[in-house]
Amino acid sequence: MARILITSAIPYINGIKHLGNLVGSQLPADLFARYKRARGDEVMFICATDEHGTPAELAAAKAGKPVDEYCAQMWAVQKELADGFALSFDHFGRSSSDQNRVLTQHFAKRLGENGLIEVVTEKQIYSVADGRFLPDRYIEGTCPNCGYERARGDQCENCTKQLEPTDLIEPRSAISGSTELEVRETRHLYLRQSQLRDKLDAWIDSKTDWPVLTTSIARKWLHDGDGLRDRGITRDLDWGVPAQFEGAPWEGMEGKVFYVWFDAPIEYIAATWEWADAQGLSQKDWHRWWRTDEGAEDVRYVQFMGKDNVPFHTLSFPATIMGSGEPWKLVDYIKSFNYLNYDGGQFSTSQGRGVFMDQALSILPADYWRWWLLSHAPENSDSEFTWENFQVSVNKDLADVLGNFVSRVTKFCRSKFGETVPEGGEWGEAERRLISDIDSDLQAYEQFMDKMEIRKAAGALRAIWVAGNEYLQSAAPWAVFKEDPERAAAIIRMALNLIPFYAVLSAPFIPGASGRMLEAMRAENVGWPEDVEEALAALPPGHAFEVPDVLFAKISDDQRETWQAEFSGKRD
RNA sequence: GGGCCUGUAGCUCAAUUGGUUAGAGCAGAGCGCUCAUAACGCUUUGGUUGGGGGUUCGAGUCCCUCCGGGCCUACCA
């Protein structure tokens with residue numbers, strides 16, 4: 001039994017995520033986790049909320065709450081939505097956990113002892129009115145290049161010119177609008193990634209099977225200009241893992257915390273520890289996933305993320321692990337995604353443009369979204385959500401091809417034979433052909449799933465659904481029944497057996513409907529098919545079932561138009 | 001400015017990495033079926049692969065150039 005460690009990029013705590021965020025990491029990770037579990041592998045599937053940093057502090061202030069309280073609340077909201085989308089995390093942790101504090105400080109200490117951390121004095125903009133140092137992005141002013149009045153301190157959105165905050169004319173705090181800004185000196189810890197450049201470079205070079213999107217971003221950072229640069233890993237903030245702690249190999253970092261991108265990936269490990277604690281398990285139970293000296297040598301570790309997260313997962317997190325000099329597990333495969341656009345533009349959290357996770361669940365069951373998003377996952381380039389495409393895909397694939405198949409088979413059986421699998425008759429040439437067709441489709445499906453080629457996997461699965469309709473159409477039990485009821489019984493027995501078979505294969509995509517199919521067929525303990533012919537005889541003659549309710553109601557034109565209008569504008 | 005990705009049928013996407021006549025699904029057209037959620041099946045119409053040039057026996061694939069789209073560019077996360 002293989003062991004697979006799967007992590008999804010951890011969503012930022014600040015607000016509800018949109019469908020683009022969902023399809024970029026959590027959802028495909030869940031697909032893979034469900035598939036691997038179904039195949040009998042031992043899976044550890046980890047996600048968490050990323051809670052530290054300036055935006056969390058600001059959002060909490062805006063909500064009028066202490067930041068820890070705000071984060072606890074938003075964690076609960078995100079957890080509920082994750083459950084709503086049937087994301088099957090083994091643990092959904094929090095980067096603000098004690099476990100993460102301990103591990104983050106541990107890694108920092110090890111890096112310090114290994115000479116990979118340096119204290120750097122730098123100048124930064126301080127806002128007196130806000131009482132905090134401001135990240136460049138949080139400084140606004142007039143662009144010296146184009147005159148745009150709302151240019152940010154790192155870049156002008158209007159003319160795309162890169163800026164320093166001091167370049168701005170009439171700079172002000174983006175938080176309060178205050179112009180009372182000063183340049184102050186501050187000291188920070190830097191991770192000396194440059195020391196590890198050759199090691200990282202060789203490591204990336206060894207990953208010949210990784211998506212181009214993943215390796216090209218890593219290489220750009222490794223080779224651009226003077227090569228991989230050292231990176232500040234602390235910030236002047238209150239909310240985060242304290243950078244000064246007992247046993248720290250440096251001094252004078254009081255009042256500073258680690259930068260989110262230092263502690264967030266460590267949370268993958270910490271969340272596994274949180275899982276062990278929650279389960280009442282011991283250290284060795286989570287170490288066997290993460291420590292190659294304690295059993296993780298044979299673990300395959302796969303990460304899922306949007307392309308914006310790639311540098312941190314290909315460079316700074318591996319640098320942290322390599323630099324620790326300890327046998328922590330490095331990632332084996334990174335599956336990265338492009339962006340999903342919305343109706344001709346980008347999804348936008350700040351503008352409330354697009355469909356957000358809570359809204360999606362309020363109008364349709366998770367399976368609809370899961371199917372569309374996964375079968376259109378932005379694997380090779382950015383892809384686009386349109387309501388028309390969503391309506392047509394869902395109606396055709398789920399309602400017509402799969403849902404209607406279940407409906408026509410179970411209802412026909414009920415009317416001719418009752419709600420039990422009929423006996424009599426023999427399988428013949430038509431059944432042998434069906435089994436052989438499905439067998440080759442199934443192999444394709446499994447190969448695509450193993451390789452995480454999600455769109456292609458969805459296509460292969462759909463082909464298996466279609467095969468049922470083709471079979472039924474040519475076998476035509478409704479016509480055969482008039483002359484040869486025994487033969488019709490054999491056909492319908494096969495068709496009924498396709499239902500739990502489909503349910504099992506489809507569960508990674510549409511777990512809800514799959515569950516209902518198995519329940520209706522009273523076949524809850526059917527497992528992944530080892531042998532197609534055998535699997536299609538799982539329900540024996542005499543086995544009772546019931547006709548399920550409509551599995552997927554169609555999306556009407558009226559609904560589509562309503563939603564299209566509803567989600568085009570602003571979210572309140 | 002630099003780097004990377006990308007442009008294929010009305011739409012969403014493929015194309016075994018340079019190898020026959022560029023394929024699927026949806027939409028459209030025709031036929032069949034009547035068990036079923038007006039569902040299903042079969043057949044079928046759509047392409048000068050963004051434009052131009054080049055390399056090659058052979059180019060969607062490689063090179064150059066132009067045009068369009070996107071992402072990243074290290075202090076948002």
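Chain A is the first sequence line, chain B the second, and so forth, proteins listed ahead of strands; every chain is numbered from 1.
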Does a sphere of radius 6.0 Å around CD in A:Glu429 hold more than 12 heavy atoms from other residues, nucleotides or ligands, not counting ones at 6.0 Å or beyond?
-> yes
Going by the side-chain contact (heavy atoms from CB on, under 4.5 Å) test, name the single residue among A:Leu134, A:Ile175, A:Ile139 that passes it with A:Ser127.
-> A:Leu134
May I ask you to check whether A:Tyr190 and A:Tyr259 place their ring centres under 6.0 Å from each other?
-> no
Using the P atom on both, measure B:G46 against B:G10 and round to a whole Å.
-> 11 Å
Would A:Lys554 and A:Asn395 count as having a side-chain donor-acceptor pair, cut-off 3.5 Å?
-> no
Atom CG of A:Asp263 and atom P of B:C76 are separated, to the nearest Å, by 16 Å
Under 6.0 Å between the ring centres of A:Trp465 and A:Trp371?
-> yes
Expressed as a whole number of Å, how far does the C1' atom of B:U8 sit from that of B:C13?
-> 10 Å
Expressed in whole Å, how much space separates the P atoms belonging to B:U49 and B:G23?
-> 13 Å
Does any residue of residues 46-58 of chain A have a heavy atom under 4.0 Å from RNA chain B, and if so, which ones, in number order?
-> A:Asp50, A:Gly53, A:Thr54, A:Pro55
By a strict heavy-atom criterion of less than 4.0 Å, which residues belonging to residues 306-315 of chain A are in contact with RNA chain B?
-> A:Lys307, A:Asp308, A:Phe312
Establish, yes or no, whether a centroid distance under 6.0 Å links the rings of A:Phe317 and A:Trp261.
-> no
When all nucleic acid strands are considered with a 4.0 Å heavy-atom cut-off, which category describes A:Glu379: base, sugar-phosphate, or nothing?
-> nothing
Expressed in angstrom and rounded to an integer, what is the separation of A:Leu168 atom CG from B:C75 atom C1'?
-> 14 Å
5' precedence on RNA chain B between A:Ser383 and A:Arg229 (nearest-nucleotide basis) | A:Ser383
Which way is the base of B:G46 turned, syn or anti, if we draw the line at 90° from 0?
-> syn
Nearest-Å distance for atom pair CG/C1', residues A:Leu222 and B:A74 | 12 Å
Do A:Glu470 and B:C42 share a donor-acceptor pair, side chain to base, under 3.5 Å?
-> no
Whole-Å P distance, B:U48 and B:A22 = 12 Å
Interatomic distance where CG belongs to A:Leu498 and C1' belongs to B:C40 [whole Å] = 14 Å
Of the candidate nucleotides B:U73, B:A14, B:C75, which contains the atom at the shortest distance from the side chain of A:Asp136?
-> B:C75
Answer with yes or no whether A:Trp261 presents, from its side chain, a donor or acceptor under 3.5 Å of a partner atom in the base of B:A77.
-> yes
Roughly how far apart, to the nearest Å, are B:U43 and B:C5 at atom P?
-> 40 Å
Under 4.0 Å between a Lys/Arg side-chain N and an Asp/Glu carboxylate O for A:Glu57 and A:Arg132?
-> yes
Name the orientation of the base relative to the sugar in B:U61: syn if the glycosidic angle is within 90° of 0, else anti.
-> anti
Take atom P in B:U45 and the same atom in B:A29, then report the distance between them in whole Å.
-> 15 Å
State yes or no: are the ring centers of A:Tyr126 and A:Phe133 separated by less than 6.0 Å?
-> yes
Under the 3.5 angstrom rule, does the side chain of A:Asp50 hit a backbone N or O of A:Tyr12 as a donor-acceptor pair?
-> no
Touch check for A:Arg235, heavy atoms < 4.0 angstrom, all strands: base, sugar-phosphate only, or nothing?
-> sugar-phosphate
Can you tell me how far C1' in B:C62 sits from the matching atom in B:G25, rounded to whole Å?
-> 31 Å
Reckon A:Lys456 has a side-chain N or O less than 4.0 Å from the OP1 or OP2 of B:C13?
-> no
What is the per-nucleotide protein-contact pattern of nucleotides 4-9 of chain B, from the 5' end, where B denotes a base atom under 4.0 Å from a protein heavy atom, S denotes such proximity for sugar-phosphate atoms only, and - denotes neither?
-> SS----
Using 30° and 60° as the class limits, which term best fits the ring planes of A:Trp478 and A:Phe412: parallel, tilted or perpendicular?
-> perpendicular
Between the side chains of A:Thr186 and A:Lys256, does any donor sit under 3.5 Å from an acceptor?
-> yes
Count the heavy atoms belonging to other residues, nucleotides or ligands that lie under 6.0 Å from CZ of A:Arg414, then report whether that count exceeds 12.
-> yes
Would you give a per-nucleotide map of nucleotides 24-37 of chain B, 5' to 3', where B means the base has a protein non-hydrogen atom under 4.0 Å away, S means only the sugar-phosphate does, and - means neither?
-> -SS-----BSSBBB
Starting from P on B:C40, measure out to OH on A:Tyr502 and report it in whole angstrom.
-> 14 Å
Distance, P atom - from B:G19 to B:A59, rounded to whole angstrom = 11 Å
When the distance from CZ of A:Arg152 to P of B:A77 is rounded to whole Å, what number comes out?
-> 12 Å
Could you pull out all residues at least two apart from A:Thr314 that satisfy side chain to side chain donor-acceptor pair (under 3.5 Å)?
-> none
Stems where RNA chain B pairs, listed by first number, each of three or more Watson-Crick or G-U pairs under 3.5 Å | B:1-7 with B:67-73, B:10-13 with B:23-26, B:28-32 with B:40-44, B:50-54 with B:62-66
Indicate whether OP1 or OP2 belonging to B:C13 is found under 4.0 Å from a side-chain N or O atom of A:Arg455.
-> yes
Distance-only polar pair, side chains of A:Glu267 and A:Ser95, donor-acceptor under 3.5 Å = no
